[in-house]
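First the structure, in the form of structure tokens, and then the observations on it.
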Protein chains: 2
Amino acid sequence: MDKEIKKKLASNWFKLLQNTICNDIEKLEGKKSKFKSKTWNRSEIKDEGGGEFRILKNGKIFEKVGVNFSEVHGKFSKKMSKKIPGASKNPNFWASGISIVMHMKNPHVPAIHFNTRFIYTTHGWFGGGMDVTPCIQDLKEKSFLHTELKKMCDRHDKKFYKKYKKWCDEYFYLPHRKETRGIGGIFFDYKKKDWEKDFKFVTDLGVTFQMLFNSIIQLKHKKKWTVKQKEIQYIKRGRYAEFNLLYDRGTKFGLQTGGNVEAILMSLPPIAKWN
Amino acid sequence: MDKEIKKKLASNWFKLLQNTICNDIEKLEGKKSKFKSKTWNRSEIKDEGGGEFRILKNGKIFEKVGVNFSEVHGKFSKKMSKKIPGASKNPNFWASGISIVMHMKNPHVPAIHFNTRFIYTTHGWFGGGMDVTPCIQDLKEKSFLHTELKKMCDRHDKKFYKKYKKWCDEYFYLPHRKETRGIGGIFFDYKKKDWEKDFKFVTDLGVTFQMLFNSIIQLKHKKKWTVKQKEIQYIKRGRYAEFNLLYDRGTKFGLQTGGNVEAILMSLPPIAKWN
């Protein structure tokens with residue numbers, strides 16, 4: 001398949017998913033809370049694409065949720081070119097993706113993160129994943145999440161779940177705290193074996209994420225919580241901010257390549273506390 | 001002067017300053033709020049020194065203030081040795097310092113940071129500085145701070161203030177936000193020209209910091225503030241956390257060399273918000 005068609009199909013999917021998920025979230029919220037949307041351009045001088053991020057704050061379910069779509073192209077700096085596969089000889093790149101972080105009002109409902117992207121340098125690959133960060137343990141929820149992710153992975157390749165779960169556990173880890181960010185999920189990168197199969201996997205993950213966040217939220221968003229539990233959530237969010245600012249590659253990649261700061265740091269929690 | 005005497009004099013000074021400043025803070029707080037102290041060891045197996053950090057929370061003036069003293073020695077990892085002056089051939093090091101971050105209850109009173117340290121590898125040097133981060137502009141305060149710091153610097157060398165002020169402005173800068181952390185102060189490192197003169201400068205900075213924080217606090221801690229101003233403070237603290245986790249060399253140095261995580265991350269604000 002022509003690479004331009006691949007790019008188009010991938011970015012169209014990410015855009016469609018942004019709309020679908022924002023619709024779901026607004027439905028969950030009822031009529032009162034709506035997304036605010038903002039578009040941005042990578043360059044002020046020439047056309048290097050850009051993105052649209054949508055944010056909803058102080059909802060009855062979502063304390064803060066950001067849904068980012070972007071489609072950019074340009075040249076990597078020399079420093080970046082060395083780090084990115086396929087870019088050392090030719091610094092031109094194209095990238096599109098969707099990234100979502102949900103910070104919930106009810107401390108019983110975990111924070112949920114999802115992102116998928118397609119990057120093209122001299123070759124193209126998919127990356128992404130989803131992971132869940134509760135602040136109050138719930139073994140049933142953990143088991144539900146991993147069972148559903150395993151089912152989804154198994155539809156594509158029986159080896160995926162084990163590999164991508166491990167990747168996720170290793171990635172979302174705070175070495176200085178010697179603790180994981182949450183209860184994991186799946187994470188993958190440099191996925192480039194068979195474009196059509198890879199794309200199917202990526203779309204399936206998007207749909208599975210949609211089912212998962214709806215199910216997790218529906219089950220618990222009305223559960224009563226205490227001030228003490230809310231405090232535990234604030235402290236856990238401090239850890240979330242630590243991870244994203246100290247270690248997250250996406251955050252660093254975005255800030256180093258001149259991405260939109262508001263969009264990149266939308267992943268940060270609305271309120272965090274440190275003891 | 002023998003290097004062991006230099007180390008002893010420097011660490012004794014930092015320890016003395018920790019006591020003096022904690023006394024000042026408890027006096028400002030009145031009888032209700034007291035410091036909690038915690039000691040830690042760098043190694044559980046052998047003697048590699050350690051430190052004592054003291055923290056006071058929810059005071060009438062200080063929302064959170066940490067006063068860290070440490071005196072450690074050991075071997076740098078290969079990776080660290082390459083980055084630290086004088087350590088590439090011999091990885092042995094000794095370091096002692098004091099580090100203070102004050103997060104205030106009243107949003108009219110700025111956050112204040114101070115630290116001084118003496119590091120010895122194959123040679124020894126001083127580093128440190130102090131800087132001030134208001135969330136509500138006060139040009140009088142800014143002028144007072146810089147006038148006093150200039151006076152102090154001028155007592156030692158007429159060239160110091162300009163040089164160290166610039167160093168501070170460049171260091172405490174958030175490139176992704178294109179903004180400074182606060183209104184600056186002074187910052188210096190690799191100070192090793194004349195040990196006795198350098199030590200006098202470092203002790204003078206400690207005493208000047210003591211005078212400055214007392215003056216700044218006395219003047220404004222009873223000033224009335226609004227909920228809106230408190231919100232502005234929370235957002236500014238989000239920037240503070242961004243700086244410390246994304247860029248601060250001390251934080252990265254500490255986390256990479258196995259320092260005490262609680263002590264290192266004591267600099268983080270008690271509550272931060274992101275829009």
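Keep in mind that what you see is a predicted model, and the values were worked out from it rather than measured.
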Legend entry - Atom NZ of A/Lys82: over 12 foreign heavy atoms under 6.0 Å: no

Legend entry - chain B contact residues among residues 236-246 of chain A, heavy-atom distance under 4.5 Å: A/Ala241, A/Glu242, A/Leu245, A/Leu246

Inset, instruction - Write out, in numerical order, the residues from residues 47-58 of chain A with a heavy atom short of 4.5 Å from a heavy atom in chain B. - result: A/Ile55, A/Lys57

Legend entry - Residue part contacting chain A, namely of B/Leu255, when any heavy atom lies under 4.5 Å: side chain

Legend entry - Proximity breakdown for B/Leu265 and chain A, heavy-atom pairs closer than 4.5 Å: side chain

Inset, instruction - With a 4.5 Å cut-off on heavy-atom pairs, point out which of A/Tyr234, A/Trp274, A/Tyr247 contacts chain B the most. - result: A/Trp274

Inset, instruction - Enumerate the residue pairs fulfilling salt bridge (charged side-chain N to carboxylate O under 4.0 Å, His left out) with a member in residues 260-275 of chain B, sequence neighbours excluded, ordered by first and then second residue. - result: B/Lys38-B/Glu262, B/Glu231-B/Lys273

Inset, instruction - For chain A, find its close neighbours in residues 168-182 of chain B: heavy-atom separation under 4.5 Å, sorted by number, or none. - result: B/His176, B/Arg177

Legend entry - Leading residue by heavy atom contact count with chain A [cutoff under 4.5 Å; candidates B/Gln256, B/Lys64, B/Lys252]: B/Lys64

